[in-house]
Every structure is written in C-alpha cells, then in structure tokens.
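Here is the structure we will look at, set down as structure tokens.
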Number of protein chains: 2
Amino acid sequence: MTNIKDLAKMAGVSVTTVSRVLNNHPYVSEEKKNAVLEAIKVSNYFKNINAVHLSKGKTQLMGVVLPFSDHPYFAQLLKGIAKQALENNYKLVLIQTDYMERRELEALQMLKQKQIDSLIICSRTCDLSTIEEHLQFGSIVLCENIKGKKASSTFVNQYKVFFDALEYLYHKGHKKIGYCIGRKSGANSHNRELAYREFHEKYSLPYHPEYIIDKCLYFEDGDKVINQINKLDKPPSALLVTSDQVAAGIVICCQKQHISIPDEMAIIGFDNEPIAKMMNITTIEIPLLEMGKNLFLQAVNGDITNKELSVKLIERGTV
Amino acid sequence: MTNIKDLAKMAGVSVTTVSRVLNNHPYVSEEKKNAVLEAIKVSNYFKNINAVHLSKGKTQLMGVVLPFSDHPYFAQLLKGIAKQALENNYKLVLIQTDYMERRELEALQMLKQKQIDSLIICSRTCDLSTIEEHLQFGSIVLCENIKGKKASSTFVNQYKVFFDALEYLYHKGHKKIGYCIGRKSGANSHNRELAYREFHEKYSLPYHPEYIIDKCLYFEDGDKVINQINKLDKPPSALLVTSDQVAAGIVICCQKQHISIPDEMAIIGFDNEPIAKMMNITTIEIPLLEMGKNLFLQAVNGDITNKELSVKLIERGTV
DNA sequence: TTGTATGCGTTATCAA
DNA sequence: TTGATAACGCATACAA
C-alpha cells in the first residue's frame, strides 16, 4: 500500500510536491507534476482518508440523528439532507435512535471525538442542555423552535399550524375534534397540545383528553385509532392526524367499517405525502425536502440561525 | 484539547500506560491506573477517533449503498442492517445513489480509501467486475444471487419466486398475467423476466410485452399502472406487483374506478408490508429485516458466503 | 518553485 | 509492569 513518501521517492520529488499535485495546489512545474502523476499511475496509489482526517481535524462527515428511517416523514427529511450533502461533498452517518437517549448521546460523542464535523438532530429525546454542552465540538442543528438558544434550527411553528387547523375545522362546523400524534413527549407535541388546549379555551369547548391518541406513526395504526374512537360515548367528528400515512390508514379503516368521510368523520393529515394526494386526503403540506436542505446548510455553515418554514393547507376530500 | 501525551504528563506515566488504561489493557498497576483516570477526569479528555482509525487501519464504519432510502423496501432493509450494526458497534454511512453509477463508484472509493471497513450494496447499477476489483480493499456484500463469484450475498431467488407466483395465478385460472417492476435493468429484474418468459413457454401462452409495466416504485404509481392497463385491448386479469406499496396504490385506484378485485383484476404484492395486511392484499413475504441482518453479518465477517432466503406466500383477498 | 521538518493523536513493538 | 520509540499517512509552516 504505497503512500506519498513512496510516490515522492519514485518521482524523485519531495512529499510536499506530491501532496501539492494530489490536492491541485499551485506552484509545481509541469515536469514534476507529470512525474508524480506517472508515479501515482504505476503504483496504483490512493489516499488514506483517515490520515487526511487526522491531519486536517475534519472528516466531511455529517451525522444525522433520527428515531426511525422507515417512516415517510423522516425518510423524506433524510432525502432532502442527502441531496444537499451530495452537492457539498459530504457523507452522511446515520444514527437511528428509536428514541433511545443512549444512542443520541452516542451521536454527540461522535462529534466530540471528531468522527463527524456536525450533527443534524431530526428528533430528540435528550435534554437541550446536553446538546448545548456539545456545541463546542461542532455545529448541531435541530428541527424545533429553539430561538434564543445557542444552536441552529429549521422548524415549523407547530403551535400555529395546529391552532389554524383546529380553527379551520371549527369553522367547518366541528366542535368535537381529536388528534393523533406519534409520541406525547417531544417539543413539537408539546406545542400541539398547547394549541389544542388554548383552542378549546378560546371557543369554550369541553376538553376531552380521550380525544388525543398517542403512538400513531404508521399506516396500520389507522385501525387502532378507529377502534379506540369506536369505544367512546361521544366520538369526535374530526381528527387532526400528524402523518398522512396514519390518515390514510384511518381512511381505509373507515371504508371497511362504512364510516362515511367526511360526513361522519373529517380528517386532516400532515405532510402532503403522495398517498394523501392519491387518496384525496385534505392535508397540511410540510416542505420536508426544503427542511432537509436547510438543516444541512445550517450544519455546514456554522453560524447560528433559526428558520421557520411555512406550511400550506391542501384542501381535498376528507373535510 | 488534551491528548494522551498531556495525560501522560499529568499522571506522571508514559503514553503507553495511558493508552493501556484507555483500552482496558492488562498490566497496569492500580496506582498508575487511578492516576491516569484522575487525569482523564480533570482534563475532560476524549479520544480523537481519527487518530485511532489511522493507527488501526479500521474505522468501524460500514457503507450502505441504496438507490433511495424513502422506499419501504430499502427502508426496511436498512432497518435490519442498522439494528445489527448497533449490536456490533458499527456505524453506518449512507450512500444514496438514485441508481447513478457515479455514486456507487464513490462508495467503492470510500472502501479503497479506508473510510469504511466494508460495504453493503443493496442494489446496483455498476458492473459486477468493478465491484470485484474492490474486494481487495474490504468485504462487499450484495443482495443478489452471485454464487460462484468472489463476493458474499444474501438474496431471494427471484426466478423461482416469480415462477411460483405465476403458476399460482395460473392455477387460479389466470391466463393473462402482467407484472410491475421498479426498474427493467438489474439482476433481479432480469431473473423475473426470464421466469416470465419461461412460464409463458411452459404453458404455451401468448407473450405480451405490454403486460410488463416499468418504473413502479411508489404508492402513487398505482394510478399509472391502471391507466396504462386501461389503454390495452386485452388487459391482463392478474398482476404481480413487486412492491406492496404499488399494489396498494393499484387497489385504491381500482376502487375509485370501480374495478372489482379480485374478480376483474387479481393482484399479488411483494414484501408483506403492513399496508398489505391492512388492505388485505395477497402478497409474497420477503424477510427484509433478516436479510439486512444477514448482510451486515456477512460484511463484518469477511469470509465469502451466499445465502438464499426463502419467501412465503400470504394468501389474502386480492387473488 | 521546491523541500525540510514537524504536527495530527493514537496504537504497536520491543526492550527493560 | 512500564516506557521509549516507531509506525500510521498526510498536510503545512517555514526556509531556501
């Protein structure tokens, strides 16, 4: 396994000169350059990138923390990040956490140990303060509103989005509105709950905790939602579903059980996934690809910014 | 940023000793060990992993090449790989290719440059010979039958699976059978086409090239499939669909167009995704998680094996 | 335009 | 049980 020292010997130049031609640096004569190039060719040389990393203190590697990569929301986000990474000559290290804090800490550790230059945390369970402690080792970017903090972020104003959606349903005549979320904890869910509470206060509506259905992530959870609702004395007449995937599952389940949509049950999904279009589901479009792109750029850029992305209600047939 | 040299000085020992306690090596007195541990604590020390990589010539990093991470098939495969990676203390570097050869070569390059120890190629477009040239730099594992070659693989016998599925439909009375695939090229698709041809020969059935529908990957492609079939004089009465995702899209589209399933159109999906269960779609279960696990283990293991995984027909309501 | 010398932070070898 | 020293392979400040 030849190295630049060998190349230098072969080409009759110094290692510096070799390094120069390898990195396209100026100040090297055609003659010597060709000698080096020739040596590279005959020796079948290639860099040991780890030596470069050590020497430079950088790896061109970005960590991406997400709970599951097989959920359309995160898959789409990842796609946006990946696209931008490619353009900027970065590679992605995937850290799937299943929301286990231990794994998030591992990602932070990688930053500390210089294995990755920066870190995108798509969703977290660990403390914000823990994250802030690691900012000294590289930039960290989040997907939630952390204005005033020392890290960057790209996010959607979940409070506003949720409140607006609730009002939209209210003005369509719905007084009993429930919602489905992926997990109860988490900053975004917290904001949604806040919006939900304040919406009910604003319109003096009775607050039903049983209208909040947790752990709705995948298509097949649609069954669960409907079964749970069927048990209620007074079931909601409308549902905000924070994933089109789940919304689609609910629609399918309603069809099976002959529950008419939107008459007996109105549904608003989230994300505007292709499945929503195909199944004619009213949804709130979240620009996930753009979000991913932004996250990446913030991560490489380094200076601290907090960008709010706007969403769009797509009116279709389920409300 | 303290290093082991600093630690050695602080603890009054040699760097070797420091390295020994850092790596839990034997032959270090309690006394010195504690001194080092103390130094580590007060200095807030942590390893520079890149130096370790350079020194060891290994990175505990595995590359994963896949065309798109937002497709359920690959997402599931990735999940299986990730789970096993976690257990073996490996990190994953994701290389999304969109089937661009250039990016696959980049992954191979990473292996050459020692950035990753080994590589899993979930689907490829580059030559097998190109891959074989890189086997000298680390193990490479593929998802297709390459028995007799110098790399490892875990795969499903697509020829047999397809042939069996076609016969199943035939014995259910179908003589006009079409199929939908993700892409025409690729080893797996080639085997499927072979099975399709030979099935038609075996039963002396007319071969309709227009029954083969390409570029079916996502849910929304279901629309496309039905529209394309509607244009045909003699549409097929059954469809093999190499992704439950697409199969579900087709089912939804058929509902919209009042095409009765399975009477007017029978459908067999692939993968046994949750959506297939929920929508009662007959499908061929492919053990993707197990496949991912196997791929990973083969990659770390190093010795060359070729493992065929068996599939299972799940009979439900679409045939 | 070129080369020398040193640093990057570990691990591994070998002698003590 | 310990430590000095040599890798590991590249980048770069500085001198020439």
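Residue numbering restarts at 1 for every chain, and letters A, B, ... go by the order of the sequence lines.
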Annotated protein contacts, base or backbone, on nucleotides 3-12 of chain C with a non-hydrogen cut-off under 4.0 Å, one of B, S, - each:
BBB-BBBBBB

Counting only pairs under 3.5 Å, give me each side-chain donor-acceptor contact of residues 39-46 of chain A, with atom names and distances, residues two or more places apart or in other chains.
{"residue": "A/Ser43", "atom": "OG", "partner": "A/Ala39", "partner atom": "O", "Å": "2.8"}
{"residue": "A/Ser43", "atom": "OG", "partner": "A/Ile40", "partner atom": "O", "Å": "3.4"}

In a table with atom names and distances, give each donor-acceptor pair under 3.5 Å that connects a side chain of residues 24-37 of chain B to protein atoms at least two apart or in another chain.
{"residue": "B/Ser29", "atom": "OG", "partner": "B/Lys32", "partner atom": "N", "Å": "3.3"}
{"residue": "B/Asn34", "atom": "ND2", "partner": "B/Glu30", "partner atom": "O", "Å": "3.2"}

Expected list for residues 58-66 of chain A: side-chain donor-acceptor pairs under 3.5 angstrom, two or more places apart:
{"residue": "A/Thr59", "atom": "OG1", "partner": "A/Leu61", "partner atom": "N", "Å": "3.3"}
{"residue": "A/Thr59", "atom": "OG1", "partner": "A/Gln115", "partner atom": "O", "Å": "3.1"}
{"residue": "A/Thr59", "atom": "OG1", "partner": "A/Asp117", "partner atom": "OD1", "Å": "3.1"}
{"residue": "A/Gln60", "atom": "NE2", "partner": "A/Asn89", "partner atom": "O", "Å": "3.0"}

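Residues passing the side chain to side chain donor-acceptor pair (under 3.5 Å) test with B/Ser153, sequence neighbours excluded: B/Asn306.
Whole-Å rounding puts the A/Tyr27 OH to D/dA15 C1' distance at 16 Å. Rounded to whole angstrom, the span from the CD atom of A/Glu31 across to the C1' atom of C/dT2 amounts to 12 Å.
Here ring-ring contact (aromatic ring centres under 6.0 Å, His included) pairs that include residues 48-80 of chain A, with residues two or more places apart or in two chains, are A/Phe68-A/Tyr99, A/His71-A/Tyr218.
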